[in-house]
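Report on the following structure.
Along the sequence shown, the residues carry numbers beginning at 1.
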Amino acid sequence: MTTPIPVIYRDDHLVIVHKPSGALVHRSALDRHAPIIMLQALRNQLGQHVYPAHRLDRPTSGAMIFALTPEMATALGHQFQDQKVQKHYLAIVRGIGPEQATYDWALREEDGKRPKAEMPAMEAETHVRRLDSVELPVAIDRYPTSRYSLMSVTPTTGRRHQIRRHLSRGGYPIIGDARHGKGIHNRFFRDNFDAGRLLLAAVMLEFYHPAHEQTLRVSAAVEEDMTALMHRFGWAGHCPVNQVQWQDNTQSNVPDTSDRRDAAS
């Protein structure tokens with residue numbers, strides 16, 4: 001039996017789910033072996049068409065919005081395009097990350113269709129903040145110990161692989177990033193902590209709900225492997241939970257398996 005996609009919030013206009021790491025949003029000829037295609041899985045689970053309002057890379061997990069009507073998809077798409085949606089991520093990176101920093105290196109598209117050098121450079125901005133760090137008495141690279149950090153990441157633009165590329169260029173690659181990280185550290189986490197994937201999670205989305213005419217803020221818990229790491233490293237206090245909060249500060253904790261519809265709809 002197929003495991004259902006965890007629903008964090010649902011009403012008659014949109015649904016916010018927890019996208020598992022490894023799931024593709026759309027079916028793609030470039031990757032025929034993805035375990036889950038979100039559009040197909042959600043359509044089957046909800047019994048209706050869904051429309052992605054934005055995207056998450058295949059290895060990234062976390063909160064993702066799907067509209068339930070074309071009109072809502074258009075309205076939400078404009079908010080993302082106009083950078084009116086607040087997005088927060090958690091990332092586990094190599095090294096002691098900065099207490100606070102802004103990376104604004106321009107990025108060229110990485111779509112594989114043309115050499116990257118031929119693509120125009122696009123403005124990109126990512127704000128990072130170190131939440132915690134750990135030093136392990138293990139010599140993985142050229143140092144006698146190995147240090148890692150839990151970073152809060154807020155992108156204000158949405159370039160392809162922006163967070164991964166900015167953190168890597170800043171000297172703090174995300175663990176599990178095969179393209180922009182360092183293999184020896186990725187293998188250490190895979191072999192010792194059963195965490196062989198990109199440790200990047202979308203944990204919060206805040207946007208204006210056009211149908212309810214209120215701001216909706218949704219937090220998402222991280223997956224079990226990342227939760228286990230955060231507990232092991234003493235970072236349990238930074239573990240997010242599934243939570244729905246309207247602008248009027250009415251809050252409700254929503255279990256992963258919920259299919260809760262908003263009472264006002």
> Roughly how far apart are Gln79 CD and His54 NE2, rounded to 0.5 Å?
Replying inline: 11.0 Å
>> I need the minimum non-hydrogen distance between Glu223 and Pro20, along with the two atoms involved.
In response: OE2-CA, 3.4 Å
>> For Tyr89 and Thr60: C-alpha separation, side-chain torsions, deciding distance, then whether side-chain contact (heavy atoms from CB on, under 4.5 Å) applies.
In response: CA-CA 10 Å; Tyr89 294 74; Thr60 305; 4.3 Å; yes
> How long is the span from the OG atom in Ser152 to the CE atom in Met204, to the nearest 0.5 Å?
Replying inline: 8.5 Å
>> On a heavy-atom basis, which atom in Ser149 and which in Gly97 lie closest, and how many Å separate them?
In response: OG-N, 3.0 Å
>> Pair Gln86, Thr154 - check side-chain contact (heavy atoms from CB on, under 4.5 Å), show working.
In response: CA-CA 8 Å; Gln86 291 190 39; Thr154 305; over 6 Å; no
> Taking C-beta and beyond as the side chain, do Phe189 and Arg94 meet within less than 4.5 Å on heavy atoms?
Replying inline: no
> Looking only at atom types and distance, does a side-chain atom of Ser146 sit under 3.5 Å from a main-chain N or O of Val138, one as donor and one as acceptor?
Replying inline: yes
> What is the minimum heavy-atom distance between Ala121 and Ala106, and which atoms define it?
Replying inline: CB-CB, 4.0 Å
> Between His88 and Ser219, is any pair of side-chain heavy atoms under 4.5 Å apart?
Replying inline: no
> Is there a path from Leu198 to Leu167 through hydrophobic residues (I, L, V, M, F, W, Y) whose side chains come within less than 4.5 Å of each other?
Replying inline: yes
>> Is the ring pair Tyr9/His209 parallel, tilted or perpendicular, if the boundaries are 30 and 60 degrees?
In response: perpendicular
>> For His26 versus Ile37, what's the shortest heavy-atom pair and its separation?
In response: C-CG2, 3.8 Å
> So among Leu199, Val134, Leu131, Leu150, which one has a side-chain contact (heavy atoms from CB on, under 4.5 Å) with Met230?
Replying inline: Leu150
>> Working note: His238 + Asp132, criterion side-chain contact (heavy atoms from CB on, under 4.5 Å); need CA distance, chi angles, decisive distance, verdict.
In response: CA-CA 9 Å; His238 298 293; Asp132 219 326; 3.7 Å; yes
>> Looking at Asp57, is its backbone amide N or carbonyl O close enough to the side chain of Lys19 to form a donor-acceptor pair, meaning the two atoms are under 3.5 Å apart?
In response: yes
> Donor-acceptor pair, Asn186 side chain versus Gly196 backbone, under 3.5 Å?
Replying inline: no
> Looking at CZ of Arg160 and CG of Leu107, how far apart are the two atoms once the value is rounded to the nearest 0.5 Å?
Replying inline: 12.5 Å
>> Atom CZ of residue position Arg129 - does it have more than 12 heavy atoms of other residues, nucleotides or ligands inside 6.0 Å?
In response: no
> Are Phe193 and Phe233 near enough that their ring centres are under 6.0 Å apart?
Replying inline: yes
>> Taking Ile163 as the starting point, is it possible to reach Ile175 by hopping between hydrophobic residues whose side chains are less than 4.5 Å apart?
In response: no
>> Do Tyr208 and Leu14 sit in one hydrophobic cluster, given that two such residues count as connected whenever their side-chain heavy atoms are within less than 4.5 Å of each other, even indirectly?
In response: no
>> To the closest 0.5 Å, what do you measure between CZ (Arg55) and CE (Met64)?
In response: 10.0 Å
> Using a distance-only test with no angle check, is there a side-chain donor-acceptor pair under 3.5 angstrom linking His212 and Asp11?
Replying inline: yes
> Could you give the distance from CZ (Arg164) to NE2 (His180), rounded to the nearest 0.5 Å?
Replying inline: 5.5 Å
>> Taking atom CG as the centre, does Asp194 end up with more than 12 heavy-atom neighbours from other residues, nucleotides or ligands that are less than 6.0 angstrom away?
In response: no
>> Between His18 (side chain only) and Ala221 (backbone N and O only), is there a donor and an acceptor less than 3.5 Å apart?
In response: yes
>> Can you classify the ring geometry of Trp105 versus His166 as parallel (below 30°), tilted (30 to 60°) or perpendicular (above 60°)?
In response: perpendicular
> Do Leu216 and Trp246 come close enough that some side-chain heavy atom pair is under 4.5 Å?
Replying inline: yes
> Hey, mind stepping through Phe66 and Ile5 against side-chain contact (heavy atoms from CB on, under 4.5 Å) and telling me if it holds?
Replying inline: CA-CA 12 Å; Phe66 287 83; Ile5 304 296; over 6 Å; no
>> Side chains of Pro240 and Val222, heavy atoms from C-beta outward: is any pair under 4.5 Å?
In response: yes
>> Quick check on Glu123: does its CD atom have over 12 non-hydrogen neighbours (other residues, nucleotides or ligands) under 6.0 Å away?
In response: no
> At their closest point, which heavy atom of Ala124 faces which heavy atom of Thr157, and how far apart are they?
Replying inline: CA-OG1, 3.2 Å
>> Please give me the minimum heavy-atom distance between Met226 and Leu90, naming the atom from each residue.
In response: CE-O, 3.7 Å
>> Between Phe207 and Ile16, is there a side-chain heavy-atom distance shorter than 4.5 Å?
In response: yes
> Are Leu205 and Ile8 connected in a single hydrophobic cluster, I mean Ile/Leu/Val/Met/Phe/Trp/Tyr linked by side-chain heavy atoms less than 4.5 Å apart?
Replying inline: yes
>> Starting from Ile65, can I reach Val244 by hopping between I/L/V/M/F/W/Y residues whose side chains sit under 4.5 Å apart?
In response: yes
> Regarding Thr126 and Gln162, is there a side-chain donor-to-acceptor distance under 3.5 Å anywhere?
Replying inline: yes
>> Quick check: do Cys239 and His231 have side-chain heavy atoms less than 4.5 Å from each other?
In response: yes
>> I need the Gln45 CD to Gln40 CD distance, nearest 0.5 Å.
In response: 12.5 Å
